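A short worksheet on the structure shown next.
On a predicted model such as this, the values are computed, not experimentally measured, just so you know.
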Amino acid sequence: MAKYRQGRINEEMFKEAAQIIRTVRDPRVSEAFVSVTGVEVTPDLKYAKIYYSAMRGDKRQVQKGLESSASYIRGQLAKSLNLRITPELSFCEDTSIAYGAKIEKIISGFTYTNDTPSEVSPEQSDAEENGDV
């Protein structure tokens, strides 16, 4: 299968999975504000990994809620996508958002003077944010 076709299928599954997850009635999922961040389908279309991030809730409980809702989500995907085979779903938590926030926090702790970085103390950064400097 050509790479561009696999990319189109990934994109369509991403759009549909994002809409379907909003309709899941499991409280572990619906109360956690789950958002889909990516989908990867294998070239043979038998398996798909759905990457998600959750704003609230226990990570393990959200994972269990998604796994228990996998058959519902797969059935809805089969109805909305015109594929010969609807892939089996697995869910993976996407930690890139938290990682990006951590890196941003580290970077914001440094200032650049004369093209050399120097570390800023937390008191100085608070004063700069409040405009006390």
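- The pair D58-R60 fails the salt-bridge criterion, with no side-chain N (NZ, NE, NH1 or NH2) lying under 4.0 Å from an Asp/Glu carboxylate O.
- Distance check, rounded to the nearest 0.5 Å: CG of L81 to CE of M13 gives 6.5 Å.
- The hydrophobic cluster containing L66 does not contain Y51, counting ILVMFWY residues as joined when their side-chain heavy atoms lie under 4.5 angstrom apart, directly or transitively.
- Between atom CD of residue E12 and atom OG of residue S80 there is a gap of 9.0 Å, rounded to the nearest 0.5 Å.
- Residues satisfying the side-chain hydrogen bond (donor to acceptor under 3.5 Å, both in side chains) criterion with S71, sequence neighbours excluded, are absent altogether.
- Counting heavy atoms from C-beta on, the side chains of F91 and I73 come closer than 4.5 Å.
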Step by step, work out the side chain to side chain contact (heavy atoms under 4.5 Å, CB included) result for R5 and L45.
-> CA-CA 11 Å; R5 180 169 185 252; L45 300 179; 4.3 Å; yes
Taking only distance into account, with no hydrogens and no angle test, what donor-acceptor pairs under 3.5 Å do side-chain atoms of residues 94-107 form with protein atoms, sequence neighbours excluded?
| from | atom 1 | to | atom 2 | distance (Å) |
| --- | --- | --- | --- | --- |
| D94 | OD1 | S96 | N | 3.2 |
| D94 | OD1 | S96 | OG | 3.0 |
| D94 | OD2 | T37 | OG1 | 2.7 |
| D94 | OD2 | S96 | OG | 3.3 |

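- Between Q63 atom CD and S68 atom OG the span is 10.5 Å, to the nearest 0.5 Å.
- Placement of V34 and M55 in two distinct hydrophobic clusters is found when ILVMFWY residues are connected by side-chain heavy-atom separations under 4.5 Å, directly or transitively.
- Using a 4.5 Å heavy-atom threshold, the side chains of R56 and E31 count as separate.
- Taking S90 as the reference, nothing meets the side-chain hydrogen bond (donor to acceptor under 3.5 Å, both in side chains) condition, with sequence neighbours excluded.
- Separation of atoms CG (L89) and CD (E67) is listed at 11.0 Å; rounding is to 0.5 Å.
- Within the model, atoms NZ of K59 and CD of E93 stand 4.5 Å from one another, a figure rounded to the nearest 0.5 Å.
- Taken from CG in D44 to CD in Q6, the straight-line distance is 9.0 Å, to the nearest 0.5 Å.
- Remark: Q76 pairs with no residue by the side-chain hydrogen bond (donor to acceptor under 3.5 Å, both in side chains) rule, at least two apart or across chains.
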Name each donor-acceptor pair under 3.5 Å that joins a side chain in residues 17-24 to protein atoms two or more places apart or in another chain, with its distance.
| from | atom 1 | to | atom 2 | distance (Å) |
| --- | --- | --- | --- | --- |
| T23 | OG1 | I20 | O | 2.6 |
| T23 | OG1 | Y72 | OH | 3.0 |

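- Applying the side-chain hydrogen bond (donor to acceptor under 3.5 Å, both in side chains) test to S30 and every residue at least two apart in sequence or in another chain returns nothing.
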